[in-house]
There are 2 protein chains.
Amino acid sequence: MEKQTVTIYDVAREAAVSMATVSRVVNGNPNVKPATRKKVLDVIDRLDYRPNAVARGLASKKTTTIGVIIPDVTNAYFAELALGIDDIAAMYKYNIILANSDENGSKELQVVNTLLAKQVDGLIFMGNNMGDDLKHEFERASMPVVVAGSVDIKQDMPSVSIDYVAATKEAVTNLLGRGNQKVALVVGSMKESINHDYRLKGYRQALEETGNEYNDQLVFETNDSYNTGYEMAEEIKNSGATAAFVGDDELAAGLLNGLTDRGVKVPAEFELTTTNDTKYTEITRPKMSSVTQPLYDIGAVAMRLLTKLMNNEDVTDRNVILPYGLIKRDTTR
Amino acid sequence: MEKQTVTIYDVAREAAVSMATVSRVVNGNPNVKPATRKKVLDVIDRLDYRPNAVARGLASKKTTTIGVIIPDVTNAYFAELALGIDDIAAMYKYNIILANSDENGSKELQVVNTLLAKQVDGLIFMGNNMGDDLKHEFERASMPVVVAGSVDIKQDMPSVSIDYVAATKEAVTNLLGRGNQKVALVVGSMKESINHDYRLKGYRQALEETGNEYNDQLVFETNDSYNTGYEMAEEIKNSGATAAFVGDDELAAGLLNGLTDRGVKVPAEFELTTTNDTKYTEITRPKMSSVTQPLYDIGAVAMRLLTKLMNNEDVTDRNVILPYGLIKRDTTR
DNA sequence: GTGAAAGCGCTAACAG
DNA sequence: CTGTTAGCGCTTTCAC
């Protein structure tokens, strides 16, 4: 015996009112006489009626669902952002369709397409390599999108992030300032604009302002994984660098352990500053000095911004920059 | 100028066929003459038509969306499971609505309710404390649910996990076998059945079979967080224990660092075995010995099982137990 | 304050 | 192989 789903029609009949009235009480429309409201509510309770969100979505053209594109859920950085997003979304009664993109353009495109097909009310995009085709989809769908904890070189998308150039510059300057002649920059793919256009820029600015020469032998392009960091330790050390600024905490943890396991003393012989201030920075030994970012807040503010966009509210600041800091732990002297 | 959405009706008109035919080509129904198919496909392409999944869901009563309830996305254990779930879901063309439950019963209940309202085709539940009210909702909705990487004391839900009792027993026996008279059990909330009914049981079995007395002073109930582990280090050490089996990797990392920072040498003076084999086990120094689990596979198999359930396929084994292992790293001698 | 009725965009018999 | 015709369950004018 299949369970018969109870519909708004059933409620209307049992309560001896019209569907419209039931709809009104369900949606909290004030134009219902209290007595009627109570009568309807009682029937809803008795029949255990639960409004069908799909039907509602079709009729109202709103799904109260947003899409979130994340490069990798298992990366602590993105996971922390996702937590902030989820909390605020829940607060505003939105649900989240979470889709892993693997930081892969074609998968991103495909994922965005199915998200649009599902009529999500908005999108939060994490990832640093937004292709034009993707941006074109966003425009075509005229759907609110906010970029979170990531960056798009043409700032034509609403976004929430920190000032990556300044943060990198400050961290590198700091490293340079304590006598390190050669400071390496170790980041993920240079195809990502956060690395190529922001961190590299901050790095060069730091060199320039302190009168150091830029040397591309000191720039290491990786893939943000622990193992890569671990394996590159030797190469990085051999470059003559005595310090490094690293673009991801897992990567930094790998580098740190790789150095340590090869007998390099950190921070005595090599200094390290990482960038995302995730849990990893406290777990490694020595603990890692890092740029600090309000990770949860970046996600939360992004989601809040998206709600405004979805409601067509005025937003004065479409590109929110949150403050960063620099914390000295034990991988710097 | 708002963008006019193009519907199946527009395509039908332009291609001079019926909506039904368009629907057939969109859904890959073979009963369409190739010439007709091509004609329709061309129009779809020209008009840039994208089927509305909400309408489709209403008409077909299938949303190709599943709900995933996760206690905490930022916990590496659950995140790894989620990755496996997501990959297989994508493979079968399902999307995932991800909802954080904070391991909080009332939030779980609320989340499940909105998921059901959204007409998800199935549910994957992670969490170890499934209330009866929750189970009741599942039944009432007669919706396929599979429990992943977690456990429900009454095994009446389809599930995928490892044998937590045996794993705990083996790890504890191992610790006992190397001369530790007092082995602590450090786990999260005892309200969670995985701790109370499984790990504690394995722990007691190990004691019993090796002729050791059970002593509840050696059982520590925590909350699975790094900081808690760190802070409890002293108390645990003071209990006289010289080894501990820990129920979560972050917790274990906290305990490890807490001990180390208090001058306790691990593994020389204190041995430690953790349980989830996440990235943390490699990152800490010393690296943590651990029970090993096929985390990704647990998620993947759970999702695969769910697809079968959703298709009403026969499933011979509703409670899948995947193999675990025990790996010696550097927190055991 | 309440009801009637027309969709929302699509699928699924059922004919032919 | 293709078209017709009902809905799916709800929101939303528009009257009254």
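Every chain is numbered from 1 and lettered A, B, ... according to where its sequence line falls, protein lines coming before strand lines.
Under a 3.5 Å cut-off, the side chain of A/Asp86 and the backbone N or O of A/Ala82 do not form any donor-acceptor pair. A distance-only check finds no donor-acceptor pair linking the side chain of B/Thr307 to the backbone of B/Leu305 [under 3.5 Å].
For the segment residues 45-57 of chain B, the set of residues with a heavy atom within less than 4.0 Å of an atom of DNA chain C comprises B/Tyr49, B/Pro51, B/Asn52, B/Ala55, B/Arg56, in numerical order. Of all the residues in residues 17-44 of chain A, A/Met19, A/Ala20, A/Ser23, A/Asn27 reach under 4.0 Å from DNA chain D with at least one non-hydrogen atom.
Sorted by first then second residue, the side-chain hydrogen bond (donor to acceptor under 3.5 Å, both in side chains) pairs that include residues 70-85 of chain A, not counting sequence neighbours, are A/Asp72-A/Thr74, A/Thr74-B/Lys279, A/Asn75-A/Asp248. Residue pairs meeting the salt bridge (Lys or Arg N to Asp or Glu O under 4.0 Å) criterion with at least one member in residues 27-38 of chain B, sequence neighbours excluded, are B/Lys38-B/Asp42.
Applying the side chain to side chain donor-acceptor pair (under 3.5 Å) rule to A/Asp132 yields the partners A/Lys154; only residues at least two apart in sequence or on another chain are considered. Contacts of A/Asn104 classified as side chain to side chain donor-acceptor pair (under 3.5 Å), with partners at least two apart in sequence or in another chain: A/Ser106. Scored by the salt bridge (Lys or Arg N to Asp or Glu O under 4.0 Å) test, A/Arg13 finds A/Asp10 as partners (sequence neighbours excluded). The side chain to side chain donor-acceptor pair (under 3.5 Å) check on B/Thr65 picks up A/Lys118, with sequence neighbours excluded. Residues meeting the side chain to side chain contact (heavy atoms under 4.5 Å, CB included) test with A/Ser101, sequence neighbours left out: A/Ile69, A/Pro71, A/Glu108. With sequence neighbours excluded, no residue forms a side chain to side chain donor-acceptor pair (under 3.5 Å) with B/Thr36.
Note on the helix from C/dG1-D/dC16 to C/dG16-D/dC1: terminal axis deviation equals 30°, with five pairs used at each end and the result rounded to 10°.
Within the 4.0 Å cut-off from OP1 or OP2 of C/dG9, at least one side-chain nitrogen or oxygen of A/Lys61 is found.
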Quiz prompt | Trace of the side chain to side chain contact (heavy atoms under 4.5 Å, CB included) decision for A/Ile124 with A/Val145 | solution = CA-CA 6 Å; A/Ile124 290 191; A/Val145 178; over 6 Å; no
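For DNA chain D, the contact window with chain A, defined by any atom under 4.0 Å from a protein heavy atom, covers D/dG9 to D/dT12 in 5' to 3' order.
Rounded to an integer number of Å, the gap from B/Tyr9 OH to C/dG7 P is 12 Å.
For the 3.5 Å distance criterion, the side chains of A/Asn113 and B/Arg50 qualify, holding a donor opposite an acceptor. A donor-acceptor contact closer than 3.5 angstrom is absent between the side chains of A/Asn128 and A/Ser193.
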